[in-house]
Participant: 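Just passing along the structure, written as structure tokens.
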Amino acid sequence: VVSWNSIMSAFARHGHLDEAERVFNEMPERDLVSWNTMLAPYAQNGNITGAKKLFDELPMRDLVSWNVMLTAYSQDGHISKTLWVFKEMPEMSLVSWNALLAAYTQNADLEKAKEIFAVMPEHNVASWNSILLIYGNACEIKQSRETFDAMPQHNVASWTAMLSIYGQNGDLENSKSCFGCMPEKDLVAWTAMLVAFTHNGHLQDAQEMFDAMPFQSVVPCNAILAAYAQSGHLMRAKALFDSMALHNPASWSAMLSAYSIHGHIDDSKSLFMDMPQRNLASWSGMLQAYTGKGHLEDAKCTFDAMPQHSLGSWTSMLGAYAQGGYVLEAKQLFDKMPLKDSLAWHVLLSGYAQNGHVELARQMFDSIPDQN
RNA sequence: AUUCCCGACAAGC
């Protein structure tokens, strides 16, 4: 069984889930490890429903199975579900506590995270890493650094987290020195350094990282692709996109939104048609292509065809009507919005104002709940 | 390296 399990997990590690499943189906006998090996990728890919479904089908469950389920929720920041599983599980380990802690980190809930950290029976590097991250996400760089200095050990994740935090705050020098100090550099570390460069507008340095990187993966490709795309190097971005062996949803949406933002509607459209699956970001990207150029008919068709809407898609459509002077349509759409944030009010109001509907604008202004 | 915890990627907000 152990050999079969090893083969399975090797496939799963490299993303060949279909192969892993084939092995699972073919093996003469299966133990809990086999089942858990099948379960884990669901959590790692953020497929909560898939994880839950398989979890419910498990013939037996051990601590690992429960932990996998716990992290499936935790990674998505579902606090209530995470807590529910945490309370439901028959026993828990340090891993379980860390997963719970990570859920609060996802939610940027510093107070709760500190509370959990204080009550958990023991800590390891992963627990400390969560704390330094949560400070970093709250822009408490000093606290983050103090945590880093105070923790008993560091691993690659600690160094990489610190590197990214500096990068997010524009401190490239410290990012670079983290990268230099790391005893071991893996794919994630390299990518984090690359991203620190792209997010701070250092395309050249990013490209050098990319070229020097001893690993290859879709993630760093996406990062550099997005950097080129955003800065208007569309040909270069497209060439990179075409050369990539693998595309994930992030690759598609980086490319699509670049076309849309820069007004290349036809390219947006053909890319959109080529997409193997479309998520909310894809639809929004396509919508943005039309609204940005005032193609109201196409925009509306796209909007109506969307399987789901976000606040952003509503506002985008609303803005297109308002900018085009179609205040009636704008108002109708506005009334249908299930949720109206201040941006939506603002967009509609500006639409009235810019098109000379002073009286309507005034009436609208008076009915705004939050008039700042 | 038989399965579980922490760090990297797109876009909107």
Side-chain angles (χ1 to χ4, degrees), chain A residues 1-10 12-13 20 31-41 43-44 62-72 74-75 92-103 105-106 123-134 136 154-165 167 178 182 186-196 198-199 215 217-227 229-230 247-258 260-261 279-285 287-288 310-313 315-316 341-343:
Chain A
V1 205
V2 174
S3 338
W4 285 94
N5 286 343
S6 310
I7 295 169
M8 242 175 71
S9 103
R13 241 198 322 279
D31 60 5
L32 245 173
V33 174
S34 333
W35 284 98
N36 290 338
T37 306
M38 286 306 295
L39 180 62
Q44 281 149 12
D62 65 358
L63 182 56
V64 172
S65 334
W66 282 98
N67 281 338
V68 173
M69 207 50 232
L70 193 64
T71 53
S74 151
Q75 291 197 337
M92 49 239 179
S93 62
L94 178 53
V95 170
S96 330
W97 281 98
N98 282 339
L100 182 61
L101 184 59
T105 305
Q106 287 295 327
H123 302 131
N124 66 5
V125 203
S127 337
W128 284 97
N129 287 346
S130 286
I131 296 297
L132 93 79
L133 247 191
I134 199 169
H154 303 127
N155 63 7
V156 214
S158 329
W159 285 103
T160 308
M162 209 60 234
L163 184 166
S164 297
I165 289 167
C178 284
M182 301 175 48
D186 62 5
L187 167 66
V188 177
W190 278 87
T191 310
M193 191 64 236
L194 189 158
V195 168
T198 60
H199 283 181
F215 307 95
S217 149
V218 64
V219 178
C221 287
N222 288 345
I224 196 118
L225 165 69
Q230 288 298 313
H247 300 124
N248 69 10
S251 333
W252 289 96
S253 74
M255 199 62 235
L256 178 63
S257 83
S260 298
I261 287 170
N279 58 20
L280 190 65
S282 343
W283 284 96
S284 306
L287 180 63
Q288 196 183 0
S310 64
L311 205 57
S313 63
T315 313
S316 178
D341 63 354
S342 57
L343 182 62

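Residue numbers begin at 1 in each chain, while the letters A, B, ... track the order of the sequences.
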Participant: Roughly how far apart are A/S96 OG and A/W66 CH2, rounded to 0.5 Å?
Facilitator: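 One finds 11.0 Å between OG of A/S96 and CH2 of A/W66.
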Participant: Between A/V156 and A/V188, is any pair of side-chain heavy atoms under 4.5 Å apart?
Facilitator: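 A/V156 vs A/V188: side chains apart.
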Participant: Examine the base of B/G7 for any acceptor or donor lying under 3.5 Å from a partner atom in the side chain of A/N155, and report the outcome as yes or no.
Facilitator: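 Answer no: no donor N or O sits under 3.5 Å from an acceptor.
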Participant: Does A/Q106 make a side-chain N or O approach to OP1 or OP2 of B/C6 shorter than 4.0 Å?
Facilitator: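 For B/C6, neither OP1 nor OP2 has a side-chain N or O of A/Q106 closer than 4.0 Å.
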Participant: Taking only the side-chain nitrogens and oxygens of A/R13, find out if one of them lies under 4.0 Å from OP1 or OP2 of B/U2.
Facilitator: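 False: A/R13 side-chain N/O out of range (4.0 Å or more) of B/U2 OP1/OP2.
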Participant: Have a look at A/A126 and say if it touches a base, only the backbone sugar-phosphate, or nothing, with a 4.0 Å heavy-atom cut-off.
Facilitator: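 The residue A/A126 makes base contact.
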Participant: Which part of the nucleic acid does A/D31 contact within heavy-atom distance under 4.0 Å: base, sugar-phosphate only, or nothing?
Facilitator: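 Touches nothing.
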Participant: Quick one: A/Q75 CD to B/C4 C1', roughly how many Å, whole number?
Facilitator: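 Between C1' of B/C4 and CD of A/Q75: 11 Å.
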Participant: Nearest whole Å is fine: how far is B/G7 C1' from A/W128 CH2?
Facilitator: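 It works out to 17 Å between those atoms.
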Participant: Any base atoms under 4.0 Å from A/L133, or only sugar-phosphate, or nothing? Heavy atoms, all strands.
Facilitator: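 It contacts sugar-phosphate atoms only.
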Participant: Any chance you could lay out the side chain to side chain contact (heavy atoms under 4.5 Å, CB included) test for A/S130 and A/I134, step after step, and finish with the verdict?
Facilitator: CA-CA 6 Å; A/S130 286; A/I134 199 169; over 6 Å; no
Participant: When we call it a touch if two heavy atoms are under 4.0 Å apart, what does A/A157 touch: a base, just sugar-phosphate, or nothing?
Facilitator: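 Base, at least one base atom sits under 4.0 Å.
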Participant: NA contact type, A/T160, heavy-atom cut-off 4.0 Å: base, sugar-phosphate, or nothing?
Facilitator: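 Base, at least one base atom sits under 4.0 Å.
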Participant: Hey, what do you get for CH2 (A/W97) to OG (A/S127), rounding to the nearest 0.5 Å?
Facilitator: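 It comes to 11.0 Å.
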Participant: How many Å lie between CG on A/D62 and C1' on B/U3, as a whole number?
Facilitator: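 Going from CG in A/D62 over to C1' in B/U3 covers 8 Å.
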Participant: A/A223 side chain: which of B/C9, B/C5, B/U3 is closest?
Facilitator: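 Taking heavy atoms from C-beta onward, the closest nucleotide is B/C9.
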Participant: Could you please name the option among B/U2, B/G7, B/U3 that lies closest to any side-chain atom of A/V188?
Facilitator: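 Of B/U2, B/G7, B/U3, B/G7 is nearest to the side chain of A/V188.
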Participant: Counting the atoms with a prime plus P, OP1 and OP2 as sugar-phosphate, which does A/A189 contact under 4.0 Å by heavy atoms, base, sugar-phosphate, or nothing?
Facilitator: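 Touches a base.
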Participant: Using a cut-off of 4.0 Å on non-hydrogen atoms, how would the nucleic acid contact of A/V1 be classed: base, sugar-phosphate, or nothing?
Facilitator: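 No contact.
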Participant: Taking ring-ring contact (aromatic ring centres under 6.0 Å, His included) as the definition, give me every residue that meets it alongside A/W252, ordered by chain and number, with sequence neighbours left out.
Facilitator: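 For A/W252 the ring-ring contact (aromatic ring centres under 6.0 Å, His included) partners, ignoring immediate neighbours, are A/F241, A/H247.
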Participant: Rounded to the nearest Å, what distance is computed from the CE atom of residue A/M8 to the P atom of nucleotide B/U2?
Facilitator: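 The distance from CE of A/M8 to P of B/U2 comes to 14 Å, rounded to the nearest Å.
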Participant: What distance do A/S313 atom OG and A/L287 atom CG have between them, rounded to the nearest 0.5 Å?
Facilitator: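 Spacing of OG (A/S313) from CG (A/L287) equals 6.5 Å.
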Participant: From the options B/C6, B/A8, B/C5, select the nucleotide whose nearest atom is closest to the side chain of A/Q44.
Facilitator: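 Nearest listed nucleotide: B/C5.
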Participant: Can you tell me which nucleotide in B/C9, B/C4, B/G7 comes closest to the side chain of A/V195?
Facilitator: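 Among B/C9, B/C4, B/G7, the one nearest the side chain of A/V195 is B/C9.
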Participant: Roughly how many Å is it from CG in A/N98 to P in B/C5, rounded to a whole number?
Facilitator: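 In whole Å, B/C5 P and A/N98 CG are 10 Å from each other.
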Participant: Please list, pair by pair, any protein nitrogen or oxygen found under 3.5 Å from a nitrogen or oxygen in nucleotides 11-13 of chain B.
Facilitator:
from	atom 1	to	atom 2	distance (Å)
B/A11	OP1	A/Q230	NE2	3.2

